[in-house]
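Beneath this line is the structure, given in structure tokens, with notes to follow.
Each ligand, and each atom within it, is numbered from 1 in the order the structure gives. Remember, predicted model here, so these are calculated numbers, not experimental data.
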Amino acid sequence: MMTTTLLLSSSCYFTILGSRPTIIRRHVIPTTHHHPLRFPSPNRPGFVCREPYYKCRAAVAGDLLRDVGATAAVLVGAYGLVRSFDSLTKRNIIQQSLSRKLVHIMSGLLFVVSWPIFSSSMEARYFASFVPLVNCLRLIVHGLSLVKDEGLIKSVTREGKPDFNFVLTRELLKGPLYYVLILMLCTVGFWRESPIGVVSLGMMCAGDGFADIIGRRFGSMKIFYNPKKSWAGSISMFISGFLISTGMLYYYSVLGYFVLDWVSTMQSVALVCLVATVVESLPTTDLIDDNISVPLSSMLAAYLSFGY
Ligand SMILES: C/C(=C\COP(=O)(O)O)CCC[C@H](C)CCC[C@H](C)CCCC(C)C
Ligand SMILES: Nc1ccn([C@@H]2O[C@H](COP(=O)(O)OP(=O)(O)O)[C@@H](O)[C@H]2O)c(=O)n1
């Protein structure tokens, strides 16, 4: 019932939204609705099915089947990723802090990489957002110690010691929870139609992740206005964020989702990286988690520089 309501409401919402003219942006010409590699989907605004009705219904059913399959596959991938790092940590192959950061880096990036396996229907983004939603609920349930999952605790908490006291598992309700909420926001809000989501997640996942990994190891020269952060960490955030975000945009442009003017695009990505890196370096972690400040500041900077 909830799914039907969601599908009907999202179809109505995107029928209205989809009637907007396709505006050619300074950098980006959104081609998602008319992606040459995508088969027409009858539940897309403006689509005129010239085939017999049964063929249109088959196309809708094909989209639905594809999105359900893609959702299941990505859910399994998410569970497998956390379990893999739990195993590596248990066998002392990698340190717990490194495990957490690699999960931080890889989860979101692999999630964004998986978006093209979903259909080109208007509801595809909601199927994709179901994956971070499930993980959000999982973090809440375990964060409130309603259920015990040693592997999850070891893979995504700072301590990694699953003694299941409420204080420790409550950590799941901070960084990790904000992280999956931002994934949901970017999936539903920007999807494959705007570079803003891709770049913002590149900064949150890769930039913030490598800042920690490099900063912990090589961050002897501290930032004068925030001794908890280092120049090495911030510089690595800028470089990794720029390279990964640009690489993700290239991936989506090769698949035909964006047509990008690369000179101005790289200038815009560099600006977003600079803004996100400065925000991350500020002594505000106690006030607002990096998993909120970094992506939100990236979204604002990307909106102002990409034009939409
Ligand atoms: C450890 C995490 C965040 C904490 O960040 P920080 O506080 O150290 O800055 C990441 C938590 C990841 C979450 C448990 C699983 C998310 C999975 C994702 C929605 C889907 C991944 C799919 C892909 C195919 C592996
Ligand atoms: N710009 C940065 C970011 C992190 N770091 C290092 O990485 C550690 C963890 O960074 P963080 O507090 O942002 O970690 P999370 O809150 O992202 O888990 C810091 O205590 C620093 O040792 C750094 O040196 N420079």
Side-chain angles (χ1 to χ4, degrees), residues 70-86 96-115 117-118 128-143 149 151-160 171-187 201 204-223 225-241 276-286 288-295:
T71 304
V74 178
L75 274 172
V76 169
Y79 185 80
L81 181 78
V82 171
R83 277 284 168 262
S84 303
F85 278 97
D86 170 36
Q96 199 282 328
S97 61
L98 180 59
S99 164
R100 171 193 173 105
K101 276 307 158 185
L102 290 176
V103 172
H104 176 116
I105 292 169
M106 295 177 67
S107 298
L109 294 182
L110 291 174
F111 180 54
V112 175
V113 167
S114 75
W115 286 355
I117 70 173
F118 291 85
S129 67
F130 185 72
V131 178
L133 174 63
V134 166
N135 282 277
C136 173
L137 297 175
R138 190 175 170 216
L139 289 168
I140 291 172
V141 163
H142 292 95
D149 181 341
L152 182 68
I153 300 279
K154 285 176 73 68
S155 304
V156 301
T157 58
R158 284 182 175 78
E159 299 303 319
E171 186 189 330
L172 294 177
L173 304 179
K174 294 179 180 176
L177 183 62
Y178 304 146
Y179 181 95
V180 295
L181 289 173
I182 291 293
L183 287 180
M184 288 170 67
L185 173 64
C186 289
T187 305
L201 292 181
M204 180 180 79
C205 301
D208 189 33
F210 281 106
D212 182 311
I213 293 175
I214 303 298
R216 285 180 191 272
R217 281 157 182 78
F218 308 106
S220 55
M221 192 182 295
K222 301 301 183 186
I223 294 174
Y225 55 81
N226 183 4
K228 290 183 181 177
K229 304 289 173 79
S230 67
W231 290 107
S234 293
I235 290 168
S236 61
M237 173 168 184
F238 180 90
I239 294 172
S240 58
T277 300
V278 169
V279 167
E280 192 275 343
S281 71
L282 298 175
T284 55
T285 307
D286 298 334
I288 180 170
D289 193 283
D290 288 350
N291 290 343
I292 295 175
S293 60
V294 168

Original post:
Within the structure, does K222 bring an N/O atom to less than 3.5 angstrom of an N/O atom in ligand 2?
Top reply: no
**OP:** Under the side-chain contact (heavy atoms from CB on, under 4.5 Å) rule, collect the residues that match up with S230, sequence neighbours excluded.
**Re:** K222, A232
Original post:
Judging by distance only, is a nitrogen or oxygen of T285 under 3.5 angstrom from one on ligand 2?
Top reply: no
Original post:
Hey, does S234 have a side-chain heavy atom less than 4.5 Å from the side chain of E280?
Top reply: yes
Original post:
So do T285 and K229 actually touch side chain to side chain, heavy atoms under 4.5 Å?
Top reply: yes
Original post:
Of P132, P295, C136, which is the lone residue that meets side chain to side chain contact (heavy atoms under 4.5 Å, CB included) with L183?
Top reply: P132
**OP:** Please tell me if the side chains of L75 and F130 come closer than 4.5 Å, counting only heavy atoms from C-beta onward.
**Re:** yes
Subject >> Contact check, S234 vs ligand 2, heavy-atom distance below 4.0 Å >> reply: yes
Original post:
Quick one: does M237's side chain get under 4.5 Å of D290's, heavy atoms only?
Top reply: no
Original post:
Do V180 and P176 touch side chain to side chain, with heavy atoms closer than 4.5 Å?
Top reply: no
Original post:
Which heavy atom of the protein is the closest neighbour of atom 12 (O) of ligand 2, given with residue, atom name and distance?
Top reply: K229 CE, 4.1 Å
Subject >> I213 vs H104 side-chain heavy atoms within contact, under 4.5 Å >> reply: no
Subject >> Protein contact of atom 1 (N) of ligand 2 - nearest heavy atom, named by residue and atom, plus distance >> reply: E280 OE1, 3.0 Å
**OP:** Would you indicate whether the side-chain heavy atoms of N226 and L282 approach each other to under 4.5 Å?
**Re:** no
Subject >> All side-chain contact (heavy atoms from CB on, under 4.5 Å) counterparts of R216, not counting sequence neighbours >> reply: D212
Protein N/O near ligand 1 N/O, under 3.5 Å, which pairs?
unit_1	atom_1	unit_2	atom_2	d
ligand 1	5 (O)	H104	ND1	2.9
ligand 1	5 (O)	N291	ND2	3.2
ligand 1	7 (O)	R100	NH2	2.4
ligand 1	8 (O)	R100	NE	2.6
ligand 1	8 (O)	R100	NH2	2.9
ligand 1	8 (O)	K101	NZ	2.9
ligand 1	9 (O)	K101	NZ	3.1
ligand 1	9 (O)	H104	ND1	3.3
ligand 1	9 (O)	N291	OD1	3.4
ligand 1	9 (O)	N291	ND2	3.3

**OP:** For atom 24 (O) of ligand 2, find the nearest protein heavy atom and state the residue, atom name and distance (0.1 Å precision).
**Re:** S230 OG, 2.8 Å
**OP:** Say whether G219 and ligand 2 are in contact under the criterion: heavy-atom distance to a ligand atom below 4.0 Å.
**Re:** no
Subject >> Distance-minimising heavy-atom pair for I117 and V74 >> reply: CD1-CG2, 4.0 Å
Original post:
Relative to atom 17 (O) of ligand 2, which among H104, R216, K101 owns the nearest non-hydrogen atom?
Top reply: K101
**OP:** State which residues pass ring pair (Phe, Tyr, Trp, His ring centres under 6.0 Å) with F111; sequence neighbours excluded, sorted by chain then number.
**Re:** W115
**OP:** Could you find the nearest protein heavy atom to atom 14 (O) of ligand 2 and give me its residue, atom name and distance?
**Re:** D212 OD2, 3.3 Å
Original post:
For ligand 2, does D290 get within less than 4.0 Å through its side chain, its backbone, both, or neither, judged by non-hydrogen atoms?
Top reply: side chain
**OP:** Answer yes or no: is there a side-chain heavy-atom contact under 4.5 Å between S107 and Y179?
**Re:** yes
**OP:** Look at atom 19 (C) of ligand 2 and say which protein heavy atom is nearest, naming residue and atom and giving the distance to 0.1 Å.
**Re:** K228 O, 3.7 Å
Subject >> Region of D208 that comes within reach of ligand 2 [heavy atoms, distance under 4.0 Å] >> reply: side chain
Subject >> Residue, atom name and distance, where the atom is the protein heavy atom closest to atom 18 (O) of ligand 2 >> reply: R158 NH2, 2.9 Å
**OP:** Return the option from G233, S281, A211, G215 holding the heavy atom at the smallest distance from atom 4 (C) of ligand 2.
**Re:** A211
